[in-house]
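Keep in mind that the numbers below use all heavy atoms, side chains included, and drop hydrogens, waters and symmetry copies.
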Amino acid sequence: MSRDHVQSAPSGSAEAAYLELLARDASAEAYEQPVLLARAEGGPSDRIAALERAKLLALRVRAELEGRRRREAELSALFETAHDLAGLRDLDAVLQAIVQRARSLLGTDVAYLTLNDPARGDTYMRVTEGSVSARFQQLRLGMGEGLGGLVAQTTRPYVTDDYFKDARFQHTRTIDAGVRDEGLVAILGVPLMLGPHVIGVLFAADRRARVFEREQIALVGSFAALAAAAIDTANLLTETRAALAGLERANEIIRDRSAVIERASDVHDRLAELVLRGGGVHDVAAAVSEVLDGTVEFCEADAAPAGALEASRAEGHAVRHGDDWIAAVAAGGELLGALVLRGHPGLDPVDQRTLERAAMVTSLLLLARRSAAEAEQRVRGELLDDLLDARDRDPRLLRERAARLHADLDATHVVLAARLDGPAADADEEAAARRRLWSAASHLAATRHGLAAARDGGTVLLLPLAAGHTATELARRTARQLGTAVHQPVTVGASAPVTELTTHPETIATAYAEGRRCLDALHLLGRAGDGAAAEDFGFLGLLLAGDRDVAGFVDRTIGPVVSYDERRGTELLRTLDAYFDCGMSPARTKDALHVHVNTVAQRLERVGRLLGEDWQTPARALEIQLALRLHRLAASDRR
């Protein structure tokens, strides 16, 4: 304050100068000026004494005002921190604000906060403000080490005026190196408490010696309490979120399980209803198709992929095959068929079990149908036995009995003799295998509107022959189907197609004998597990056929050439005779026929187009020569 300014105050009021100083918020040093000026001017002693009293009073007022301002700032900072805590969204942001405000209010160089790490058993630096040392910012301290360790042990604040000279706490090389890098001297540490437990320490520190006042220690303690509350709130929020997430997952699981139970109940109800109202396997497939939102089909064992079907039967579960799923329908050791879920590769375990359950229900339905059909099968066997043995039956009665079994004896049929191949361990196993063969043959006959019976250690079948098919095709398909059903090779010999079974029942016995001869021929030729008819053996078929179908053999072998000569008046048959008589030499053939060699070549080329390119192979040539001789013999007989 200037001399003129002090003199401007009324001379009778010692307090006026100090009131002006208080109003201007002057520094503490400015309060000495009025006293010094009065003494310099030689003022009376009572005035100087009054000024001294006024100075002391003014300084006391000034200190009170500063304290109130400081407490107001502290309370404002605490209020703001509490407000941040109430709207806690980011724990790191709240802790950073606490450390910043503590440093600002105390006017320290550095403030920082450490937290305990129970998992690692140490303490780590969580937040720093004003720090310049990377090593200090990355410190990890063992429990009980340094000033923070002392605070944690005693759960009380501690202050050191000179860190490196203080022996009250445990110094370590790591901590001292970090503090030295940061250049800290005076440090105040206050515990962060959650109930009776210390979870960390809040620090304020200076790079010079300093004495922290009691109010400053209390202020840092208030910030530490807010920091602990923030951490506790964040932990509670984390636990709450985790609990909510767990509840949500539990609800999802409950919803999924509820849906699974509901779907399983729906499947159970549908399948039970189907069984009760006498539904079939295709009804089961249709019901499961709706539940699985896909296409489920029942197919015979030989129509399903063999590898996947066998794997499903062995494992007892549905197996994936490309984009499809295969569930074996089996009973005991017998494979009855399969349920196939089409184009549904992403099948979850619940739907997989649904498909497997449907396969089990299907097998039960088939077994039930089989039990009901066994009587019908016995009836079918009895009818076939009568056709084979009792040849004087009334044709009308035979037709009626066949009609009740959905068989048409007036249609073209083939008689097939089937026999198991493969060794049996004992007589019981062989008998069981024969029963399985008869059961599979009866099932096949029922589905094909035919008849089946057990006979001569094997099975005989009477199956209708579809238009455009041959006895050979039927024999091979039957061998394959029966073999798949009983899991063992089955050899099948077939007769030539037969008709008029009711009017000429003896035809069936003759055809059965022919089928058995074909069956024996297959075994002699090493073709076990295969199927064939007499027509497959060429001229050997004449030996196997009971009626020696010479005309049929000639027609199958050279019929196209005979028809060509008859229609066009050519001499292809005569040329063939001469060609074989001349040792298959075109040059000698043209001499025998007295024609040009080109004529022989043209005729033989025409024969090749009629009989096939392989007509000159040894086997075909032998059959053609035999057919030519039989044709000549038949022609001479007609003459």
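- Closest non-hydrogen pair, Gly529 versus Ala479, comes out as O-CB, 4.2 Å.
- For the pair His449 (side chain) and His406 (backbone), a donor-acceptor distance under 3.5 Å is present.
- The residues Arg609 and Glu605 are annotated as salt-bridged, a charged nitrogen and a carboxylate oxygen being separated by less than 4.0 angstrom.
- Nearest approach of Ile624 to Trp615, heavy atoms of both residues: CD1-O, 3.5 Å.
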Derivation of the side-chain hydrogen bond (donor to acceptor under 3.5 Å, both in side chains) call for Gln625 and Tyr579: CA-CA 10 Å; Gln625 291 178 69; Tyr579 179 65; over 6 Å; no

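- Without hydrogens or angle criteria, Thr617 side chain to Asp614 main chain gives a donor-acceptor distance under 3.5 Å.
- Side chains of Arg603 and Thr575: a donor on one and an acceptor on the other come within 3.5 Å.
- Of the possible polar contacts, none joining the Arg567 side chain to the Gly569 backbone as a donor-acceptor pair under 3.5 Å is found.
- Looking at Glu356 and Arg353, no side-chain N of the basic residue comes within less than 4.0 Å of a carboxylate O on the acidic one, giving no salt bridge.
- Not one N or O on the side chain of Thr491 forms a donor-acceptor pair closer than 3.5 Å with the backbone of Ala528.
- Between the side chain of Gln488 and the backbone N or O of Asp421, at least one donor-acceptor pair lies under 3.5 Å.
- Of the possible donor and acceptor atoms, one in the side chain of Arg620 sits under 3.5 Å from a partner among the backbone N and O of Leu611.
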